[in-house]
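Read through the structure below, which is laid out as structure tokens, and then see the notes.
We count residues from 1, following the sequence as given. Please read all numbers here as calculations on a predicted model, not as lab measurements.
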Amino acid sequence: METKKTYSLNSGSISDTFQKIVDWIQENEVSVTSKTGKEYVRLPFVVAFIVAILVPFALVIGIILALAFGINITFERIGKKEKSVHNDKPY
């Protein structure tokens with residue numbers, strides 16, 4: 001038996017996907033901490049991404065420092081949107 005999957009692109013699905021990507025970028029942060037838990041830097045993901053693109057040697061230096069000194073670079077989700085549906089009308 002064959003299974004057929006159909007994907008359709010329309011303005012609604014494209015805008016929903018774009019909105020999900022934007023929400024994901026806004027909900028994530030990059031933090032740099034020591035092994036003891038001391039936080040050195042906390043940046044929004046988009047700022048860290050722009051710095052990595054515009055100043056690539058800073059990214060390389062950061063990776064070398066992380067490997068040499070045991071620094072942790074973590075990606076954290078700061079606020080997950082939860083959708084709840086409230087329906088006050090009886091069925």
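No single ILVMFWY cluster, assembled from side-chain heavy atoms under 4.5 Å apart, contains both I63 and Y40. The cluster map of Ile, Leu, Val, Met, Phe, Trp and Tyr, joined by side-chain heavy atoms under 4.5 Å apart, puts V60 and L67 in different clusters. L59 and V41 fall into different hydrophobic clusters, defined by Ile, Leu, Val, Met, Phe, Trp and Tyr side-chain heavy atoms under 4.5 Å apart, directly or through other members. Linking ILVMFWY residues whenever their side-chain heavy atoms come closer than 4.5 Å, directly or via other members, places V46 and I21 in the same cluster. By the criterion of side-chain heavy atoms lying less than 4.5 angstrom apart, applied directly or through intervening Ile, Leu, Val, Met, Phe, Trp or Tyr residues, L54 is grouped together with V47 in one hydrophobic cluster.
Here the shortest heavy-atom pairing between S31 and E76 reads OG-OE2, 3.2 Å. Summarising the geometry of S34 relative to N72, their closest heavy-atom pair is O-ND2, 3.7 Å, with the distance given to 0.1 Å. A pairwise comparison of heavy atoms in I73 and V32 identifies CG1-CG2, 4.4 Å as the closest pair. Residue P56 comes nearest to I53 through the heavy atom pair CD-O, 3.8 Å, listed as atom of the first residue, atom of the second, then distance. The minimum heavy-atom distance between V30 and F45, with the atom names listed, is CG2-CD1, 4.0 Å.
R77 places a side-chain heavy atom less than 4.5 Å from the side chain of W24.
Rounding to the nearest 0.5 Å gives a distance of 13.0 Å between CG of L43 and CG of N28.
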